Amino acid sequence: MIVAAIVGAVVLAGAGLVVAGVFLGRHDRGGPVPSFPSLQQHPDSSVVGTVAYFDDASRCVRIIAASGRTSQQVWCLPPEGADTWAKVGKPVGPQLVWRPDGRLEVTMFRMRPDPNTKQRPPLTRGWQKIIDVRSGGVVSVPDAQVPTTPDSSTQQTVNGRGETIHVEFDASSGKARITVQSQAKTRTVLSVQGPGGYGYRFGPAFWSPDGSWIAATDDSRILVIVPKDPAVTRVLVTGTGEGAGGGTAGPTFAVTSTDLLGTPG
């Protein structure tokens, strides 16, 4: 069972959120953000799955074990110049979607700004690649079959136990909270405050397909939240989330509960 990352967050203005046990660290863009332990520095084999993400610095798609144990590069975007943008539009994306067979869809959209209006122009068809992350094989999808809008159907906010994720974020104050609601109770699994003056951003949160952990995004990071009592939040990846076009097509990562990297020998 496989899910893709898409955009979506509930904004709550003026919410009074409490920060407990979270200290501010320093982010690579220069602003402080809430600090959490790193899964790459301290892998956790109990967190199972694979995360595909777009690395902003290298402009390459990478995959990493959700445990933080190992990662690898799978494909890099071809370079584009302003002349290409002028002809076909500015690239927006890529959106990543895991297919049921374990292959990865990498879809880039286009946007052609209109100098005569301040409104955001609509997305148009770009290109799509299907990547076999095990073999490295890449297939180009015919232009006519490339989607014109991001896939918004695969976000999983309810797991198999009927527990629902809710995200609250106040951009003006940088306060964010994630709660998990069931018929019996509501639990807060993450409560943080990033400095609003630095433009701290908090993105969507959704279940891993097996419903055992939560993937979330904040300022260019992917967070893994294990909602036990007490909940544990750790950083899986930094330097992702912007993508081409500033993340307009949604977060540039996707999650599967399948371990596609295997156990290192």
Side-chain angles (χ1 to χ4, degrees), residues 1-6 28 36-78 93-108 128-141 151 154-156 159-160 203-218 220-228 231-243 250-265:
M1 186 176 182
I2 293 172
V3 64
I6 61 170
D28 58 2
F36 305 104
S38 167
L39 273 169
Q40 292 191 58
Q41 293 179 4
H42 304 284
D44 182 354
S45 59
S46 69
V47 184
V48 179
T50 306
V51 177
Y53 69 97
F54 178 70
D55 180 73
D56 291 332
S58 66
R59 295 183 57 80
C60 295
V61 176
R62 298 185 60 87
I63 58 173
I64 184 170
S67 65
R69 182 189 66 236
T70 186
S71 66
Q72 69 181 47
Q73 183 172 292
V74 296
W75 188 72
C76 295
L77 269 65
Q95 184 183 47
L96 307 180
V97 176
W98 286 109
R99 289 191 163 195
D101 61 6
R103 292 188 300 164
L104 182 67
E105 291 182 4
V106 180
T107 307
M108 187 69 78
Q128 186 179 78
K129 308 290 184 181
I130 308 299
I131 301 174
D132 187 330
V133 300
R134 294 184 176 94
S135 69
V138 179
V139 176
S140 296
V141 173
D151 185 347
T154 54
Q155 186 176 13
Q156 182 171 315
N159 67 10
F206 50 88
W207 290 107
S208 62
D210 64 3
S212 63
W213 53 274
I214 296 168
T217 58
D218 69 354
S220 296
R221 303 186 300 184
I222 298 174
L223 308 177
V224 169
I225 305 168
V226 179
K228 58 186 180 182
V232 177
T233 299
R234 286 161 291 189
V235 175
L236 179 64
V237 169
T238 60
T240 186
E242 288 292 334
T252 50
F253 78 104
V255 176
T256 171
S257 290
T258 304
D259 182 0
L260 296 171
L261 286 164
T263 303

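Since we're looking at a predicted model, the values are computed, not measured.
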Any idea which heavy atoms bring [X] and [Y] closest together, and the distance?
| X | Y | result |
| --- | --- | --- |
| Q72 | L261 | OE1-CD2, 3.4 Å |
| V48 | S257 | CG1-O, 3.8 Å |
| A216 | A205 | CB-CB, 3.9 Å |

Discussion item. Tell me whether Q128 contacts the main-chain N or O of E105 through its side chain, where contact means a donor paired with an acceptor under 3.5 Å.
Written reply: no
For the residue pair [X] and [Y], establish whether any side-chain heavy-atom pair is separated by less than 4.5 Å.
| X | Y | answer |
| --- | --- | --- |
| R69 | D259 | yes |
| I64 | T70 | no |
| I130 | L104 | no |
| V106 | F54 | no |
| W213 | V255 | yes |
| V47 | V224 | yes |
| V235 | L39 | no |

Fill in: By salt bridge (Lys or Arg N to Asp or Glu O under 4.0 Å) - contacts of D44 (at least two apart)
R234
Could I get the full list of side-chain hydrogen bond (donor to acceptor under 3.5 Å, both in side chains) partners for [X], not counting sequence neighbours?
| X | value |
| --- | --- |
| R103 | D101 |
| T50 | none |
| N159 | E163 |
| T233 | none |

To the nearest 0.5 Å, how far apart are [atom1] in [X] and [atom2] in [Y]?
| X | Y | atom1 | atom2 | value |
| --- | --- | --- | --- | --- |
| Y53 | T252 | OH | OG1 | 10.5 Å |
| I63 | S71 | CD1 | OG | 8.5 Å |
| R59 | L77 | CZ | CG | 5.5 Å |
| T256 | R99 | OG1 | CZ | 14.0 Å |

Worksheet item: Does a side chain donor of either T238 or R221 reach within less than 3.5 Å of an acceptor in the other side chain?
Response: no
Worksheet item: How would you list, by chain and number, every residue that makes a side-chain contact (heavy atoms from CB on, under 4.5 Å) with V138, sequence neighbours excluded?
Response: W75, K129, I131
